[in-house]
Amino acid sequence: MLALLAALSARTQQWRYGYDLMKETGLQSGTLYPLLMRMADQELVEAEWHAPERPGLPARHAYRLTATGAVLAREATASAQISGGRVATA
């Protein structure tokens, strides 16, 4: 979860797609999407459907941190750094 928080907090106002987050964090879809769903349920991230960029492509879910999620990300990153934990960032 720290890697996901770090990736989302790098660009807090930018909508991010799951596939891009998978590439950046190294998390597999079976880990990433359940985390994103739980974080959305806890109002740490907001999610919305984005229309396809080109005709024929499906709509995509996009995610970004809420204000509460951004605070948690800062606290978790600081805590990991203080405790010597490693926060993975791409």
Side-chain angles (χ1 to χ4, degrees):
M1 185 165 169
L2 284 176
L4 180 56
L5 285 171
L8 287 167
S9 67
R11 294 174 257 164
T12 56
Q13 296 303 311
Q14 182 179 358
W15 289 99
R16 308 286 305 277
Y17 296 116
Y19 181 73
D20 298 327
L21 290 167
M22 283 176 25
K23 289 191 317 187
E24 187 171 337
T25 63
L27 296 172
Q28 298 296 315
S29 62
T31 301
L32 177 74
Y33 290 106
L35 274 174
L36 287 168
M37 286 187 286
R38 256 181 291 169
M39 291 171 72
D41 289 343
Q42 297 169 354
E43 298 182 358
L44 300 173
V45 298
E46 52 185 326
E48 71 177 27
W49 285 102
H50 284 194
E53 296 172 4
R54 294 188 318 251
L57 295 176
R60 297 170 73 186
H61 238 135
Y63 307 89
R64 70 178 176 189
L65 286 175
T66 62
T68 303
V71 169
L72 176 68
R74 282 192 299 274
E75 290 172 355
T77 300
S79 177
Q81 290 172 347
I82 289 170
S83 67
R86 184 172 169 264
V87 177
T89 57

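Please read these numbers as outputs of a predicted model, since none were measured by experiment.
- Residues T25 and A3 approach most closely at CG2-O, 3.6 Å, considering heavy atoms.
- Shortest non-hydrogen contact noted between S29 and P34 is O-CD, 3.6 Å.
- A 4.5 Å side-chain heavy-atom check between M22 and Y33 finds at least one atom pair inside the cut-off.
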Margin query: Let's go through T68 and E43 carefully: what are the C-alpha distance in whole Å and the side-chain angles of both, what is the deciding distance for side-chain contact (heavy atoms from CB on, under 4.5 Å) to 0.1 Å, and is it a yes or a no?
Written below: CA-CA 7 Å; T68 303; E43 298 182 358; over 6 Å; no
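- At a threshold of 4.5 Å between non-hydrogen side-chain atoms, the residues M1 and L35 count as touching.
- None of R38, M39, M37 except one satisfies the side chain to side chain contact (heavy atoms under 4.5 Å, CB included) rule with V45; the exception is M39.
- Looking only at side-chain heavy atoms (C-beta outward), W49 and H61 come within less than 4.5 Å of each other.
- L8 approaches Y63 most closely through the heavy-atom pair CD2-O, 4.2 Å.
- P52 and P58 make their closest contact through CB-O, 3.7 Å (heavy atoms, listed as atom of the first residue, atom of the second, distance).
- The shortest non-hydrogen separation linking R64 to Q13 is NH1-O, 3.3 Å.
- Residues L44 and L5 form no side-chain contact, since every pair of their non-hydrogen atoms from C-beta on lies 4.5 Å or further apart.
- Put simply, OH on Y17 and NE2 on H50 are 5.5 Å apart, with the number rounded to the nearest 0.5 Å.
- For the pair L27 and L21, the minimum side-chain heavy-atom distance is 4.5 Å or more.
- Within a 6.0 Å sphere centred on CD of E53, heavy atoms belonging to other residues, nucleotides or ligands number 12 at most.
- Atom CG in L36 sits 11.0 Å away from atom OG1 in T31 (nearest 0.5 Å).
- Closest of all the heavy-atom pairs between T12 and A70 is CG2-CB, 4.4 Å.
- Criterion: ILVMFWY side-chain heavy atoms under 4.5 Å apart, direct or through other members. Under it, L72 and L32 are part of a common hydrophobic cluster.
- Between R16 and the options E46, E24, E48, a salt bridge (charged side-chain N to carboxylate O under 4.0 Å, His left out) holds for only E24.
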